[in-house]
Amino acid sequence: MSTYKSDFLHTLASRGFIHQVSEPEALDTLARSSAITGYIGFDCTAASLHVGSLLPIMMLYWMQETGHRPIALMGGGTTRVGDPSGKDESRQLLTDAAITANLGGFRAVFAKFLKFADAGGNAVMANNADWLNTLNYIDFLRDIGRHFSVNRMLAFDSVKLRLDRQQELSFLEFNYMVLQAYDFVELYRRYGCILQMGGSDQWGNIISGIDLGRRLDNAQLFALTAPLITTSSGAKMGKTAAGAVWLNADLVSPYDYWQYWRNTEDADVGRFLKLFTVLPLGEIERLAALKGAEINEAKKILATEATALVHGRAAAEQAAATARTTFEEGTVSKGLPTVRVPRQTLEGGITVADAAILAGFCNSKGEVRRAIANNSIAVNDSRVTSFELTLDEKDLTTEGVIKLSFGRKRHVLLKPAYEE
RNA sequence: GGGGGAGUGUCCCGAGCGGCAAAGGGGGCGGACUGUAAAUCCGCUGGCUGACGCCUUCGUAGGUUCGAGUCCUACCUCCCCCA
């Protein structure tokens, strides 16, 4: 399956994580004979990590799992600059306060995948703000800047793309790759880190770091990139009707997260099981081979396993149970997302339109109107045909809730709120 | 510096003789069919209104006109050619 002899590279390769590796033989040999240290950098542009970050996180997970030391590098410093790779326009700059706040949300997520010192493991969480924020400009130019050829930098895709399209590329962004390269060297010096991993769009930036390490410290550093993951039908990972699929439970509930994976396309099941669960490959092979409706079993396992990694086994099982009662038994499950409606409002009667907006299904009454015309909205599993329909306490089921549905997959329980 | 062209429905691309809430795609959402899949077909894809209708939208600001995405002026941004 793979020609790698080290546990680390063999695992990554056979699970589909590897796109490109610099000097694969040398790295393989090294990883076989000793514990190596490697890192991946993460942006702090959002308040939570999302499904797109999952792939790199899993690489760090396997790194630790196969006996090495992973470093999750928070881009507290580089996020202040903004990576131009793969973007047409410069990203909006975030305030330092926002970056710090975002960082806070990350640690808990990483702790679910990696064992840091407080959990008795060797994983490291670093923040490049620690060394970037205090850099002295002139010193930095003389020590680091001299090793960078502008001629070469102009040839990098991330830069060239912008220039070719006559898109603005500020000097600030132009420096991003220099800083990222410097990060690599800094981590090498601090932790003996010799490997940087990342998405395939990071290749150029990583190579810059390798070059810098060789020039400054005569170090042999390595690059490993992962393929860009899309669904079989070509869509980018991690988007749903409601937006990005975040890893924080307060942004995307375990139930919704489970649903996201449950709705994986047939053709992706095997690949995703390998990438996003830690099930043994033999088991995955068996699941991916299921045909027709049977592959739904594999999807449920994918959903439960993937959810368990992020939200814990109990939450995953609960999401699975909720899905089972909702979709397979067709009954009202208490595990569905609930929306509280003040009791007075309910007594006075609330229109379906307002309820649908409250539930987050629609943004305007016009949308609700169209949705009803399209047969999309149901109350307690019966189709709503009239825009005039008003809901009140008589519509409460024996469980004391009103089940409001949008389409066949999105359900919400309206629950009278007695407090406040 | 001179000449020519372009900016359209706040997701993207893109048509648009002065009557336009504005063609057509893509994407998205929903329905049918299925297996909570894919493919396919159908519907929807500015806001308010029960409805007549009203309001807001075509780079920005003015102007002409009963009426402007469309014509005129200035400005901004981008592309191409000449220098």
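Only a predicted model underlies this, so the values are computations on that prediction, with no experimental measurement involved. In what follows, chains are A, B, ... by sequence order, proteins preceding strands, each numbered from 1.
The aromatic rings of A:Phe110 and A:Phe106 sit tilted relative to each other, their planes meeting at an angle between 30° and 60°.
Atom CZ in A:Phe406 sits roughly 10 Å away from atom C1' in B:C44 (whole-Å rounding). Atom CD of A:Glu329 is separated from atom C1' of B:U36 by 15 Å (rounded to the nearest Å). Whole-Å rounding puts the A:Glu367 CD to B:G43 C1' distance at 15 Å. As rounded to whole Å, 13 Å separates atom P of B:U36 from atom CD1 of A:Ile295. Spacing between atom CD1 of A:Ile372 and atom P of B:U49 amounts to 13 Å, rounded to whole angstrom units. Taking atom CZ of residue A:Arg262 and atom C1' of nucleotide B:A37, one finds them 8 Å apart after rounding to whole Å. If you measure from atom CG of A:Asn296 to atom C1' of B:A38, you get 12 Å, rounded to the nearest angstrom. In this structure, A:Lys291 places its NZ atom 17 Å from P of B:G35, rounding to the nearest Å.
Out of B:G35, B:G50, B:C29, the shortest distance to the side chain of A:Ala293 is found at B:G35. Comparing B:U45, B:C48, B:U36 by their closest approach to the side chain of A:Arg370 singles out B:U45. When each of B:C29, B:A38, B:C48 is scored by its nearest atom to the side-chain atoms of A:Glu265, the top-ranked nucleotide is B:A38. For A:Arg410, the listed nucleotide lying nearest its side chain is B:G30; candidates were B:G35, B:G47, B:G30. Checked against B:G47, B:U36, B:G35, the side chain of A:Lys299 finds its nearest nucleotide in B:G35. The side chain of A:Arg383 lies closest to B:G31 when the candidates are B:G31, B:U36, B:C48. Side-chain atoms of A:Asn375 lie closest to B:G31 of the nucleotides B:A51, B:A37, B:G31. If you check B:C48, B:U36, B:C44 against the side chain of A:Asn374, the one that comes closest is B:C44.
Pair assignment for B:C44: B:G28, on the basis of Watson-Crick or G-U wobble contacts that are both within less than 3.5 Å. Nucleotide B:C52 forms no Watson-Crick or G-U wobble pair with any nucleotide shown, as no partner meets the under 3.5 Å limit on both distances. With a cut-off of 3.5 Å on both Watson-Crick or G-U wobble distances, the partner of B:C17 is given as none. Searching all strands for a Watson-Crick or G-U wobble partner of B:A6 with both distances below 3.5 Å returns B:U77. Pairing of B:G69, defined by two Watson-Crick or G-U wobble distances under 3.5 Å, is not identified with any nucleotide.
Nucleotides B:G69 and B:G18 place their P atoms 12 Å apart, quoted to the nearest Å. Between B:G14 and B:A83, the distance separating the two P atoms is 30 Å to the nearest Å. Of the P atoms belonging to B:C54 and B:G59, the separation is 25 Å, rounded to the nearest Å. Comparing the P positions of B:A6 and B:U40 gives an interatomic distance of 36 Å, to the nearest angstrom. Nucleotides B:A32 and B:U49 have their C1' atoms positioned 31 Å apart, rounded to a whole Å. The same atom, C1', is picked in B:U70 and in B:C17; the two are 9 Å apart, to the nearest Å. Taking atom C1' on both nucleotides, B:U8 is separated from B:C20 by 12 Å, rounded to a whole Å. Rounded to a whole angstrom, the distance from the C1' atom of B:G27 to that of B:C78 is 25 Å.
Looking at residues two or more places apart in sequence or on another chain, you find a side chain to side chain contact (heavy atoms under 4.5 Å, CB included) between A:Thr66 and A:Asp7, A:Phe8, A:Thr11, A:His68. Not a single side chain to side chain contact (heavy atoms under 4.5 Å, CB included) links A:Gln318 to another residue, sequence neighbours left out. Looking at residues two or more places apart in sequence or on another chain, you find a side chain to side chain contact (heavy atoms under 4.5 Å, CB included) between A:Asn263 and A:Gln259, A:Lys409. Applying the side chain to side chain contact (heavy atoms under 4.5 Å, CB included) test to A:Ser376 and every residue at least two apart in sequence or in another chain returns A:Ala371, A:Asn374, A:Phe406.
Residue A:His50 is tested with A:Trp246, A:Phe42, A:Tyr257 for a ring pair (Phe, Tyr, Trp, His ring centres under 6.0 Å); the sole match is A:Trp246.
Side-chain N/O atoms of A:Ser364 include one lying less than 4.0 angstrom from OP1 or OP2 on B:C48. Not one side-chain nitrogen or oxygen of A:Lys409 sits closer than 4.0 Å to the OP1 or OP2 atom of B:G35.
Between the side chains of A:Gln180 and A:Gln202, at least one donor-acceptor pair of N or O atoms lies under 3.5 Å.
You won't find any donor-acceptor pair under 3.5 Å spanning the side chain of A:Glu328 and the base of B:U36, going by distance alone.
No contact: A:Ala373 has no heavy atom under 4.0 Å from any strand. Using a 4.0 Å heavy-atom criterion, one finds that A:Trp258 contacts the bases of the nucleic acid, with or without backbone contacts as well. Residue-level contact check: A:Thr326 touches neither bases nor backbone, having no heavy atom under 4.0 Å from any strand.
With RNA chain B read from its 5' end, the first of the two nearest nucleotides for A:Phe327 and A:Ser376 is the one closest to A:Ser376. Across the interface with RNA chain B, nearest-nucleotide mapping of A:Gly292 and A:Ala371 shows A:Ala371 to be the residue nearer the 5′ end.
A salt bridge does not link A:Glu367 with A:Arg370: none of the charged nitrogens is closer than 4.0 Å to a carboxylate oxygen.
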For a quick test of your reading: what N or O donor-acceptor pairs under 3.5 Å do the side chains of residues 389-402 of chain A make, sequence neighbours left out?
| residue | atom | partner | partner atom | Å |
| --- | --- | --- | --- | --- |
| A:Thr390 | OG1 | A:Glu388 | O | 3.2 |
| A:Asp392 | OD1 | A:Lys394 | N | 2.9 |
| A:Asp392 | OD2 | A:Lys394 | NZ | 3.1 |
| A:Asp395 | OD2 | A:Asp392 | N | 3.0 |
| A:Thr397 | OG1 | A:Glu399 | N | 3.2 |
| A:Thr397 | OG1 | A:Glu399 | OE1 | 3.0 |
| A:Thr397 | OG1 | A:Val401 | O | 3.1 |

If you restrict it to nitrogen or oxygen atoms, what contacts under 3.5 Å exist between nucleotides 40-42 of chain B and the protein, and what is each distance?
none

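A:His411 has its ring centre no less than 6.0 Å from the ring centre of A:Tyr255.
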